[in-house]
**Student:** 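One structure is given below, represented as structure tokens, and several questions about it will come after.
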Amino acid sequence: QVQLVESGGGLVQAGGSLRLSCAVSGPTSNSNVMGWFRQAPGKEREFVTAIVRSSGSTNYADSVKGRFTISRDNAKNTVYLQMNSLKPEDTADYYCAARRGLLTYSVGNLYTYWGQGTQVTVSS
């Protein structure tokens, strides 16, 4: 069983930065692929980014390329999402997710484990 705990959300002004963390516990093999997804009020969940913990391979949604960076610290069993140049449209609940594998899946239904989410609000 894998448990995921997100932290780091909050309120920030447009143009600002936030760093989200996702602490991972449980078998590493079940969480080799880590993803970040978000869901804004009234909207469907959308893919943000993903990383393969063993290789460092990453994948980003076009809407966040060049602004967001996913990284991992395998010694700390933590995955990070550095968000820069934040925009009001980045406002959402952000969730980390995990699954087995070697590919940076962008479809939420392919992930097995989910955190409880952390709220990010970007004011204009």
Side-chain angles (χ1 to χ4, degrees):
Q1 187 74 6
V2 171
Q3 291 186 324
L4 307 173
V5 179
E6 303 98 331
S7 60
L11 173 64
V12 64
Q13 288 189 330
S17 298
L18 278 175
R19 188 177 81 157
L20 306 183
S21 299
C22 178
V24 185
S25 61
T28 303
S29 59
N30 287 348
S31 60
N32 193 44
V33 180
M34 297 292 300
W36 285 97
F37 292 79
R38 66 187 181 186
Q39 187 166 19
K43 295 188 177 182
E44 293 188 354
R45 181 179 62 195
E46 65 172 347
F47 170 75
V48 176
T49 181
I51 189 167
V52 179
R53 295 173 69 188
S54 57
S55 68
S57 178
T58 59
N59 184 20
Y60 293 91
D62 288 343
S63 58
V64 305
K65 278 182 183 176
R67 300 189 300 122
F68 289 13
T69 303
I70 189 171
S71 62
R72 86 290 194 204
D73 185 332
N74 289 336
K76 294 183 178 180
N77 286 322
T78 303
V79 174
Y80 303 99
L81 179 62
Q82 178 67 44
M83 305 186 294
N84 298 331
S85 302
L86 282 161
K87 305 175 182 180
E89 50 263 43
D90 295 317
T91 294
D93 291 326
Y94 283 72
Y95 299 88
C96 69
R99 61 156 290 149
R100 299 175 63 90
L102 297 172
L103 299 176
T104 52
Y105 300 94
S106 61
V107 176
N109 289 346
L110 296 178
Y111 285 78
T112 308
Y113 305 99
W114 290 83
Q116 82 288 351
T118 187
Q119 188 174 56
V120 171
T121 302
V122 184
S123 63
S124 57

**Student:** Which donor-acceptor pairs under 3.5 Å do side chains of residues 79-91 form with protein atoms, sequence neighbours excluded?
**Tutor:**
{"unit_1": "Gln82", "atom_1": "NE2", "unit_2": "Asn84", "atom_2": "OD1", "d": "2.9"}
{"unit_1": "Asn84", "atom_1": "OD1", "unit_2": "Ser17", "atom_2": "OG", "d": "2.9"}
{"unit_1": "Asp90", "atom_1": "OD1", "unit_2": "Arg38", "atom_2": "NH1", "d": "2.9"}
{"unit_1": "Asp90", "atom_1": "OD1", "unit_2": "Arg67", "atom_2": "NH2", "d": "3.0"}
{"unit_1": "Asp90", "atom_1": "OD2", "unit_2": "Arg67", "atom_2": "NH1", "d": "2.7"}
{"unit_1": "Asp90", "atom_1": "OD2", "unit_2": "Arg67", "atom_2": "NH2", "d": "3.4"}
{"unit_1": "Asp90", "atom_1": "OD2", "unit_2": "Lys87", "atom_2": "N", "d": "2.8"}
{"unit_1": "Thr91", "atom_1": "OG1", "unit_2": "Pro88", "atom_2": "O", "d": "2.9"}
{"unit_1": "Thr91", "atom_1": "OG1", "unit_2": "Val122", "atom_2": "N", "d": "2.9"}
{"unit_1": "Thr91", "atom_1": "OG1", "unit_2": "Val122", "atom_2": "O", "d": "3.4"}

**Student:** Filter on disulfide bond (SG atoms under 2.5 Å apart), then keep only pairs touching residues 43-92, sequence neighbours left out; what's left?
**Tutor:** none
**Student:** Taking the side chain as C-beta and beyond, is there a heavy-atom pair between Val33 and Leu110 under 4.5 Å?
**Tutor:** no
**Student:** Please check this pair: side chain of Gln39 against backbone of Ala92, looking for a donor-acceptor N/O pair closer than 3.5 Å.
**Tutor:** no
**Student:** In terms of hydrophobic clusters joined by side-chain contacts under 4.5 Å, are Leu18 and Trp36 together?
**Tutor:** yes
**Student:** Please list every donor-acceptor pair under 3.5 Å in which a side-chain atom of residues 50-57 meets a protein atom from a residue at least two apart or in another chain.
**Tutor:**
{"unit_1": "Arg53", "atom_1": "NE", "unit_2": "Asn74", "atom_2": "OD1", "d": "3.4"}
{"unit_1": "Arg53", "atom_1": "NH1", "unit_2": "Ser31", "atom_2": "O", "d": "3.3"}
{"unit_1": "Arg53", "atom_1": "NH1", "unit_2": "Ser31", "atom_2": "OG", "d": "2.7"}
{"unit_1": "Arg53", "atom_1": "NH2", "unit_2": "Asn77", "atom_2": "OD1", "d": "3.0"}
{"unit_1": "Ser54", "atom_1": "OG", "unit_2": "Asn32", "atom_2": "OD1", "d": "3.3"}
{"unit_1": "Ser54", "atom_1": "OG", "unit_2": "Asn32", "atom_2": "ND2", "d": "3.1"}
{"unit_1": "Ser55", "atom_1": "OG", "unit_2": "Ser57", "atom_2": "N", "d": "3.2"}

**Student:** Is there a path from Leu102 to Tyr105 through hydrophobic residues (I, L, V, M, F, W, Y) whose side chains come within less than 4.5 Å of each other?
**Tutor:**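 Different clusters.
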**Student:** Report the distance from atom CG of Asp93 to atom OG1 of Thr118, rounding to the nearest 0.5 Å.
**Tutor:**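 Reported value, rounded in 0.5 Å steps: 8.0 Å.
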**Student:** Is it possible for you to say whether Phe68 and Met34 belong to one hydrophobic cluster, with membership spreading through side-chain heavy-atom contacts below 4.5 Å?
**Tutor:**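 Linked within one cluster.
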**Student:** Treating Ile, Leu, Val, Met, Phe, Trp and Tyr as nodes and any side-chain heavy-atom pair under 4.5 angstrom as an edge, say whether Tyr95 and Tyr60 lie in one connected cluster.
**Tutor:** no
**Student:** According to a hydrophobic-cluster definition based on side-chain heavy atoms being under 4.5 Å apart (Ile, Leu, Val, Met, Phe, Trp, Tyr only), do Leu4 and Phe47 belong together?
**Tutor:**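 No, no single cluster joins them.
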**Student:** Can you pull out every disulfide bond (SG atoms under 2.5 Å apart) where at least one residue sits in residues 41-90? Sequence neighbours excluded, please.
**Tutor:**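 Qualifying pairs: none.
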**Student:** Examine distances only and state if a side-chain atom of Glu6 and a backbone atom of Gln116 form a donor-acceptor pair shorter than 3.5 Å.
**Tutor:**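 Yes; at least one donor-acceptor contact below 3.5 Å.
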**Student:** Can you list every disulfide bond (SG atoms under 2.5 Å apart) pair that touches residues 63-117, not counting sequence neighbours?
**Tutor:** Cys22-Cys96
**Student:** Nearest 0.5 Å, what's the CD-OH distance between Gln119 and Tyr94?
**Tutor:** 11.0 Å
**Student:** For Thr49 versus Asn59, what's the shortest heavy-atom pair and its separation?
**Tutor:** OG1-O, 2.7 Å
**Student:** Any side-chain hydrogen bond (donor to acceptor under 3.5 Å, both in side chains) involving residues 106-115? Give me the pairs, sequence neighbours left out, ordered by first then second residue.
**Tutor:**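 Those involving residues 106-115 are Arg45-Asn109.
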**Student:** Which atoms form the tightest heavy-atom contact between Thr78 and Ser21, and what is the distance?
**Tutor:**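 Here Thr78 and Ser21 meet closest at CG2-CB, 4.1 Å.
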